[in-house]
Engineer: 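Sharing a structure below in structure tokens format, with a few things to ask.
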There are 2 protein chains.
Amino acid sequence: MNSILLVEDDELLGHGLSLYLNSKGYTCCWVTNATDTNEYWFHADLVILDRQLQDGDSLRHLPGWLMQKALPVIILTAKVDIENRVEGLMLGAKDYMTKPFAQEELLARIIAHLRPLGASLLEYKSLQIDVSSRTVKCAGERVNLKPKEFDLLLLLLQNPGRVFHRDELLNKIWGYRSFPSTRTVDNHILHLRQAFPCLEVETHRGIGYRLTAAK
Amino acid sequence: MNSILLVEDDELLGHGLSLYLNSKGYTCCWVTNATDTNEYWFHADLVILDRQLQDGDSLRHLPGWLMQKALPVIILTAKVDIENRVEGLMLGAKDYMTKPFAQEELLARIIAHLRPLGASLLEYKSLQIDVSSRTVKCAGERVNLKPKEFDLLLLLLQNPGRVFHRDELLNKIWGYRSFPSTRTVDNHILHLRQAFPCLEVETHRGIGYRLTAAK
DNA sequence: ATTTTATTGACATTGAGGTGACAAAACGCA
DNA sequence: TGCGTTTTGTCACCTCAATGTCAATAAAAT
């Protein structure tokens with residue numbers, strides 16, 4: 001469960017937001033000044049930072065805080081002019097919202113910033129395929145696939161249930177434009193089947209292969 | 001040299017923005033439809049996506065595109081209502097801007113999203129990398145790296161686990177736009193491997209390299 | 001000019017993956 | 001059911017392109 005540090009000296013807004021965020025399942029820590037911010041910064045996964053605090057413009061502290069621990073920061077402010085937004089973003093913030101704003105939008109932005117970018121994770125039964133690292137885990141165990149094998153697995157997983165012509169596979173993965181009789185596709189299908197017992201690849205005689213849609 | 005994919009079917013805005021981004025030092029690729037987006041997605045570091053294209057709502061394609069390669073996406077739209085913003089963010093976008101907007105703010109947001117959330121101190125096993133002073137310590141011992149070697153190490157460490165195409169490395173670190181056959185990348189990888197026995201760089205034959213995510 | 005850094009080219013090494021032989025299975029047809 | 005044909009499964013081998021490696025050269029920095 002992610003924890004959010006809310007820095008807001010407006011009692012009403014601070015109270016409302018912290019309740020709201022709590023209700024959405026976040027651990028929300030609400031502070032009202034720079035000193036407390038400093039203290040709680042380390043425990044947060046994301047920071048919502050009001051720009052005007054009683055003890056001054058919170059932006060002054062931002063670079064220092066970020067240097068201690070890098071976090072996604074969403075700045076809240078009443079100021080609407082462009083220069084201020086640009087300044088906030090340039091000082092290290094990830095996002096900038098102008099009051100008044102809708103709770104729902106803030107929440108959506110929080111989710112967007114907390115969501116890991118590399119989450120291109122495909123799942124099929126006990127398989128996990130990470131596209132960006134080109135790695136496959138089967139029941140938690142890393143399995144090494146050769147490049148073409150990985151490409152083939154990826155294509156099948158991205159279209160579960162669909163029948164692929166051998167020719168289509170040769171074209172999409174091997175880049176072939178003519179289709180000689182070859183055992184190449186079979187070979188790679190074979191390797192995948194051997195590597196992953198849980199992988200249900202149906203043979204469609206005279207056509208090609210398809211991956212049984214997992215649920 | 002970061003490259004930005006601009007998906008915008010308004011001629012005027014598309015042209016203006018691509019010029020602007022180019023003038024700010026980005027390699028900007030401007031396309032106007034979903035098909036071309038699909039093709040260029042892989043080469044981009046960040047995507048600016050207009051929501052309404054001639055061939056429909058671009059949000060339909062977003063999850064599919066993100067699955068191929070995870071990228072920060074900024075959505076542009078004329079729609080102002082909250083539901084639309086939330087929808088876009090929930091589908092995987094990192095940011096959402098409503099037209100009309102100021103170029104400067106878009107630029108600031110681009111910078112914010114491309115800026116690695118990295119603290120100035122990166123760690124990997126027994127390595128400590130100080131980004132600001134460009135120094136590396138291995139098990140407490142200062143190790144001198146050549147500039148390009150440091151850049152390469154930094155890029156890998158900022159994206160642990162991710163596979164980098166050789167072309168991508170040549171582009172990001174060497175600024176190449178064409179990709180001649182060269183032993184340059186291999187050489188620098190070699191030097192890093194020799195300098196740091198603890199550095200686990202996987203070779204992905206025919207693709208590139210990746211740093212094993214340490215934990 | 002001297003030192004440091006980067007790139008190139010030659011050569012060794014490796015491993016991905018294709019090839020073809022053969023076995024096994026599926027299919028068609030009587 | 002049985003036989004012949006076609007398609008697929010399986011395996012071992014072999015090729016070649018991609019990479020590892022190093023020394024020599026070029027380029028850049030000082």
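Proteins get letters first, then strands, A, B, ... in listed order; numbering begins at 1 in each. As the structure is a prediction and not an experimental result, all values here were calculated from the model.
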Engineer: Identify the heavy atoms of A:M1 and A:D45 that sit nearest to each other, and give their distance.
Structural biologist: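 What the structure gives for the nearest pair is O-OD2, 4.4 Å.
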
Engineer: In whole angstrom, give the distance that lies between atom CG of B:D186 and atom P of C:dA12.
Structural biologist: 17 Å

Engineer: Base, sugar-phosphate or nothing for A:F150? Non-hydrogen atoms, less than 4.0 Å.
Structural biologist: nothing

Engineer: So, do A:W174 and A:H188 have ring centers that fall under 6.0 Å from each other?
Structural biologist: yes

Engineer: Check this one for me: any side-chain N or O of B:H188 less than 4.0 Å away from OP1 or OP2 of C:dT7?
Structural biologist: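 Looking at the OP1 and OP2 atoms of C:dT7, one of them is under 4.0 Å from a side-chain N or O of B:H188.
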
Engineer: To the nearest 0.5 Å, how far apart are CG in B:L5 and CG in B:L46?
Structural biologist: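 Reported to 0.5 Å precision, the distance equals 9.0 Å.
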
Engineer: Starting from P on D:dA18, measure out to CG on B:L190 and report it in whole angstrom.
Structural biologist: 19 Å

Engineer: Would you please confirm or rule out a distance under 4.0 Å between OP1 or OP2 of D:dT8 and any side-chain N or O of A:R166?
Structural biologist: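 Answer yes for this pair, as a side-chain N or O of A:R166 is under 4.0 Å from OP1 or OP2.
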
Engineer: Within this structure, what is the OH-to-C1' distance between A:Y176 and C:dT19, rounded to whole angstrom?
Structural biologist: 10 Å

Engineer: Give the rounded distance in Å between these two atoms: CZ of A:R193 and P of D:dT8.
Structural biologist: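 One finds 11 Å between P of D:dT8 and CZ of A:R193, rounded.
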
Engineer: So, OP1 or OP2 of D:dT7: does either fall under 4.0 Å of a side-chain N or O from A:Y209?
Structural biologist: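 No, A:Y209 has no side-chain N/O under 4.0 Å of OP1/OP2 on D:dT7.
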
Engineer: Pick the closest DNA chain C nucleotide for B:N187 and for A:V185 by heavy atoms, then say which residue is nearer the 5' end.
Structural biologist: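 Going by which nucleotide is closer to the 5' end, it is B:N187.
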
Engineer: On DNA chain D, does the nearest nucleotide to A:R205 precede the nearest nucleotide to A:Q194 from the 5' side, or the other way round? Give the residue.
Structural biologist: A:R205

Engineer: When you check the phosphate oxygens OP1 and OP2 of C:dG17, does a side-chain N or O of A:W174 lie under 4.0 Å from one of them?
Structural biologist: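 No, outside the criterion.
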
Engineer: Under 4.0 Å between a side-chain N or O of B:K146 and OP1 or OP2 of C:dT5?
Structural biologist: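 False: B:K146 side-chain N/O out of range (4.0 Å or more) of C:dT5 OP1/OP2.
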
Engineer: Are the aromatic ring centres of B:H165 and B:F42 under 6.0 angstrom apart?
Structural biologist: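 They qualify: ring centres under 6.0 Å apart.
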
Engineer: Could you tell me how far apart B:H165 (NE2) and D:dA18 (C1') are, to the nearest whole angstrom?
Structural biologist: 15 Å

Engineer: Round to the nearest Å and state the distance from B:E149 atom CD to D:dA28 atom P.
Structural biologist: 18 Å

Engineer: Does a side-chain N or O from B:T184 land closer than 4.0 Å to OP1 or OP2 of C:dA6, or not?
Structural biologist: no

Engineer: For D:dT10 and A:R183 - does any side-chain N or O of the residue sit under 4.0 Å from the phosphate oxygens OP1/OP2?
Structural biologist: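 It does not, given that no N or O in the side chain of A:R183 lies less than 4.0 Å from OP1 or OP2 of D:dT10.
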
Engineer: If I compare all heavy atoms of B:V163 with all of A:S133, which pair ends up nearest, and what's the gap?
Structural biologist: CG2-O, 3.4 Å

Engineer: Expressed as a whole number of angstroms, how long is the span from B:I189:CD1 to C:dA6:P?
Structural biologist: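 So the two atoms are 14 Å apart, to the nearest Å.
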
Engineer: Just to confirm, is there a sub-4.0 Å distance from OP1 or OP2 of C:dA26 to any side-chain nitrogen or oxygen of A:T203?
Structural biologist: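 Checking C:dA26 against A:T203, no side-chain N or O comes under 4.0 Å of OP1 or OP2.
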
Engineer: With the side chain of A:P147 defined as its heavy atoms from C-beta on, choose the nearest nucleotide among C:dA16, C:dT5, C:dG18.
Structural biologist: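 So the nucleotide nearest the side chain must be C:dA16.
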
Engineer: Distance check needed: C:dT14 P versus A:N144 CG, whole Å only.
Structural biologist: 18 Å

